[in-house]
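Working notes for the structure below.
Every chain is numbered from 1 and lettered A, B, ... according to where its sequence line falls, protein lines coming before strand lines. Hydrogens, waters and symmetry mates are skipped; everything else that's a heavy atom, side chains included, is used.
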Amino acid sequence: MPELPEVQLVVDGLNRLIKDRVITHAEVFWPGYVTGVKSSDLEKIVAGVRFDKAIRRGKFIVILFDQVALLLHLRMTGKVVYLDEADKKPPHTHVLFTLDNGKYLAFADTRKFGRLEVISADAVEERLSKLNLGYEPFSAQFNQENISRSLKKRTKNIKNILLDQTIIAGIGNIYASEILFEAGLSPLRPGGSIKPQEIDRLLVCTRKVLKLALDNGGSSISDYIHPDGIGGEMQDHFKVYGRDKEPCLTCANPVKRIAQTGRSTFWCSHCQG
DNA sequence: AACGCTGCCTGTGGGC
DNA sequence: TGCCCACAGGCAGCGT
């Protein structure tokens, strides 16, 4: 569900809302959500730890406390919700922390794809490196030289390449379609066929689309929510995603929906070559 | 090395 | 109204 912008906004929300808070209690409602330690041990591991900061790497969230760190992935339907009352926790809350200011932090996930992995604070770097994540779109390494090398000789289509987290970290199914539309590139193009000038457009448009989503507070289709409960407006700015058969906003020809590796891609075959 | 398919889960919306 | 099917923002694991 959440892609880079939404994950970043969760991270920003945590840093704003729970800075220096101490966990006083932890309750696990669905043990399968917790990995790295026995879920029955979570309470004693996190009780008393103080929040330092949260960081994002790709679509992973690292929540750093003193001594311990939580590696969170929201997958399709994960949410983090900051609450005044435990009784108001969202449906499908799998883990609930009580904080020293009397508030609560709920980790909910309807489809149970997400995971909360508990690791020691000094193991974070090693654990992240094992994820083998690709370039961060807003880093200096996301550039012509590196992406050219990544695309060279690739036969896989560019849409699926954008989704490959080991090449570029953070793009998901919605923004892949939006980025390719913005860049005027067909999702069917093999990675190796993308020319240098087109790679430049891809770099620029990737940042442009993700930045627009960040500036609009992310996308809130149905499951996504900020830690403080406020949804974003980016869904109102989609140019192709979810607009099957509707007129292209540039040329008015109908937007097409196709399946690529079992996932929907939306594009305009007239504007994207 | 690179690629595609399956499984993991629950909910929702459209067609009948 | 109810039923059934398709589909949903992701990724690990596995086979080829």
OP1 or OP2 of [N] versus the side-chain N and O atoms of [X]: is any pair under 4.0 Å?
X	N	answer
Thr155(A)	dC3(B)	yes
Lys59(A)	dC11(C)	yes
Arg154(A)	dC3(B)	yes
Tyr175(A)	dG9(C)	no
Gln165(A)	dG10(C)	no
Ser264(A)	dA8(C)	yes

Euclidean distance, atom [atom1] of residue [X] to atom [atom2] of [N] [Å, nearest integer]:
X	N	atom1	atom2	result
Arg257(A)	dC7(C)	CZ	C1'	7 Å
Leu151(A)	dA1(B)	CG	P	19 Å
Leu214(A)	dG9(C)	CG	P	19 Å
Arg111(A)	dC7(C)	CZ	P	13 Å
Ile161(A)	dC11(C)	CD1	C1'	18 Å
Leu72(A)	dC11(C)	CG	C1'	14 Å
Leu74(A)	dC8(B)	CG	P	22 Å
Leu163(A)	dG4(B)	CG	C1'	14 Å

Kindly point out which of [options] is positioned nearest to the side chain of [X]?
X	options	value
Asn173(A)	dC3(B), dG10(C), dA8(C)	dG10(C)
His73(A)	dC3(B), dC11(C), dA8(C)	dC11(C)
Lys112(A)	dT10(B), dC11(C), dG9(C)	dT10(B)
Arg75(A)	dG9(C), dT10(B), dA12(C)	dA12(C)
Asn160(A)	dG9(C), dA8(C), dG4(B)	dG4(B)

Exercise for the section: State, to 0.1 Å, how close Lys245(A) and Pro254(A) come at their nearest heavy-atom pair, and which atoms those are. Expected result: O-CB, 3.9 Å

Practice task
Heavy atoms only: give me the nearest Leu128(A)-Arg57(A) pair and the separation to one decimal.
Solution key: CD2-CB, 4.2 Å

Handout entry: N/O donor-acceptor pair under 3.5 Å between Arg189(A) side chain and Gly273(A) backbone
Key =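 Checking the backbone N and O of Gly273(A) against the side chain of Arg189(A), a donor-acceptor pair under 3.5 Å is found.
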
Problem - Backbone N/O of Ile174(A) and side chain of Ser177(A): donor-acceptor pair under 3.5 Å - result: no

Practice task
Mind checking Arg115(A) for me? I need base, sugar-phosphate or nothing, with any heavy atom below 4.0 Å counting as a touch.
Solution key: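 Nothing: the residue Arg115(A), judged by heavy atoms under 4.0 Å, touches no strand.
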
Practice task
For Arg263(A), report the nucleic acid contact type (base, sugar-phosphate, nothing); a contact means any heavy atom under 4.0 Å.
Solution key: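 The residue Arg263(A) makes base contact.
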
Problem - Over-ring placement of Lys103(A) relative to Phe97(A), 6.0 Å and 45° cut-offs - result: no

Fill in the blank from the handout: Paired to dG10(C) by Watson-Crick or G-U wobble criteria (both distances under 3.5 Å) is dC8(B)

Problem - Residue pair Arg75(A) / Arg111(A), side-chain heavy-atom distance below 4.5 Å - result: no

Problem - Aro-ring/base stack Phe113(A)-dC11(C), d under 5.5 Å, angle under 30° - result: no

Exercise for the section: Sticking with atom P, work out how far dC9(B) lies from dC3(C), rounded to a whole angstrom. Expected result: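 Their P atoms lie roughly 25 Å apart.
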
